[in-house]
Protein chains: 2
Amino acid sequence: MTRKEAILQAATVLFSQKGYKETSTADISELTKVAEGTIYYHFSNKEKLFLSVLEQTRELITKEFESYMENRQFRNGMEMIEHAVTFYMYLAGKLENQFLLLHRHYPYKMALTNPDIRENLEAIYDCLVDIFEQGVLMGQQDGSIGKMPPRKTALIIFSMVDGVVRFKTYNLYDASALFNDIIVSCRKILTTDQKYEEGA
Amino acid sequence: MTRKEAILQAATVLFSQKGYKETSTADISELTKVAEGTIYYHFSNKEKLFLSVLEQTRELITKEFESYMENRQFRNGMEMIEHAVTFYMYLAGKLENQFLLLHRHYPYKMALTNPDIRENLEAIYDCLVDIFEQGVLMGQQDGSIGKMPPRKTALIIFSMVDGVVRFKTYNLYDASALFNDIIVSCRKILTTDQKYEEGA
DNA sequence: CTAAAAACCGAGCATTAACTCAGTTTTACT
DNA sequence: AGTAAAACTGAGTTAATGCTCGGTTTTTAG
């Protein structure tokens, strides 16, 4: 592993676990055994370093997700969404630091003034919500999912799953204990239900 | 307003909008026109000041919620939860700074080492989830809500609603546009459905 | 009115953090 | 081997921050 990669890796861990402001370049230097000057040789400043971490996070999450969804066949849209939810919770465990980063507030704060950061954050969320939306559209064609607004439904499913993952991030509740209940809830939300089709 | 109250108010705004570490006592001093020494006269240090902000936040949110739920009659559990969801989204708009504070990561980080902070955070979440749980229990007695684990269901409903509120916090999506869809999803999750009762 | 107590002030201290730069080591190429 | 470029180093600079403390003003109570 090159020193540049080591810096990026250490920054990912520290930014996600301690926070951006709370992580000093000295911390990164100590963890990597690389001099502070080297950090600034590879990344012009701390914000650029964070941007690189975020770009790598985007790459990891979107690639992982897209390759999972591409190499699989689903009987219908409902099944696709169930798999997407399952994979989301699996990935949140596997890429714990990356998801922790996205569950912190400072990236969204920085996104207000830094367009590059905003673009990467939006790309990650778009990728995830798009997958759920495609599932809804697919399910509406094959009949496994009822009549409902696809994008909004995707956002709600995403919000539910991500919220539960965050419980774990915040040390409030163990997300995996809710896994079955989330799948059941998803199915209920997506299933055709005459009663609500009329009322909407 | 006393100076102590002014400090507390300014700290709430700054901690929630800028973050804890990013807010200096000089910032608070400037905003309130109160000398830095006065801040330390009323609050022994910055962490104690944050604790006071959190205590006030807990007081505000739990009192608001409890008084809303107490002074109202609901035809059944389902209606109670619908009202709780609606009030949650209303309150998140009214107490924007307080909810923003709870949607940041540092309070939960501090909670790991500071039991007083942990206690207040848990009290807020317990209060909110308890209300949803009570709604589920009530609905299961009056028949408006199906057979399902009350606490877990409450957590999922909470997670869904809070997740959508966070979209707004993070400037990703306007929460209010999803209001109707959330209510519909809630009803679907809570409604008795023979198909899933057996499968669980 | 007076004196003690409470509230308030802000300059100053000690520490820390982002970033620079002049110099050193390593790598790549002929 | 020789040399130029790339990679690396860490002490030093500058600015900011949490907090203290001696002194001043305001409030309170007899």
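All of these numbers come straight from a predicted model, not from anything done at the bench. Only heavy atoms go into these numbers, but all of them, side chains included; no hydrogens, no water, no symmetry mates. Protein chains get the first letters and strands the later ones, always in sequence-line order, with residue 1 at the start of each.
- Per the geometry, CD belonging to A:Glu30 stands 16 Å off C1' belonging to D:dT9, to the nearest Å.
- When heavy atoms are screened at a 4.0 angstrom cut-off, B:Thr2 is found touching no nucleic acid atom at all.
- Looking at A:Thr25 and A:Glu36, their side chains do bring a donor and an acceptor atom within 3.5 Å of each other.
- Between A:Ile7 atom CD1 and D:dA7 atom P there is a gap of 12 Å when expressed in whole angstrom units.
- Taking atom NZ of residue B:Lys21 and atom P of nucleotide C:dT16, one finds them 11 Å apart after rounding to whole Å.
- Across A:Arg104 and A:Gln17, no two heavy atoms sit closer than the pair NH2-O, 3.1 Å.
- In this structure, the ring of A:Phe65 has its center no less than 6.0 angstrom from the ring center of A:Tyr68.
- In this structure, A:Tyr88 has its ring center closer than 6.0 angstrom to the ring center of A:Phe99.
- Rounded to whole Å, the distance from NZ on B:Lys48 to C1' on D:dG18 is 15 Å.
- Of the side-chain N and O atoms in A:Arg3, one or more sit less than 4.0 angstrom from OP1 or OP2 of D:dC8.
- Listed by first then second residue, pairs satisfying ring-ring contact (aromatic ring centres under 6.0 Å, His included) with a partner in residues 117-153 of chain B read B:Tyr125-B:Phe158, not counting sequence neighbours.
- Taking atom CD of A:Glu22 as the reference point, atom P of D:dG18 lies 12 Å away to the nearest angstrom.
- Distance CZ (A:Phe50) to C1' (C:dA17): 18 Å, rounded to an integer number of Å.
- Under the 6.0 Å distance and 45° angle rule, A:Lys4 counts as a cation-pi partner of A:Phe43.
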Where do N or O atoms of nucleotides 19-21 of chain D meet protein N or O atoms at under 3.5 Å, pair by pair?
unit_1: D:dC19; atom_1: OP2; unit_2: B:Tyr40; atom_2: OH; d: 3.1
unit_1: D:dC19; atom_1: OP2; unit_2: B:Lys46; atom_2: N; d: 2.9
unit_1: D:dC19; atom_1: N4; unit_2: B:Glu36; atom_2: OE1; d: 3.3

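- Side chain of A:Tyr41, nearest nucleotide from D:dT9, C:dC8, D:dA7: D:dA7.
- Look at B:Asp174 and A:Lys152 and you find no salt bridge, because none of the NZ, NE, NH1 or NH2 atoms lies under 4.0 Å from a carboxylate O.
- Residue A:Thr38 places at least one side-chain N or O closer than 4.0 Å to OP1 or OP2 of D:dT9.
- Rounded to whole Å, atom P of C:dA17 lies 16 Å from atom CG of A:Leu49.
- In this structure, CG of A:Leu14 is placed 15 Å from C1' of C:dA17, rounded to the nearest angstrom.
- Among C:dC9, C:dA7, D:dT9, the nucleotide with an atom closest to any side-chain atom of B:His42 is C:dA7.
- The B:Ser24 side chain lies nearest to D:dG18 when the options are C:dC9, D:dC8, D:dG18.
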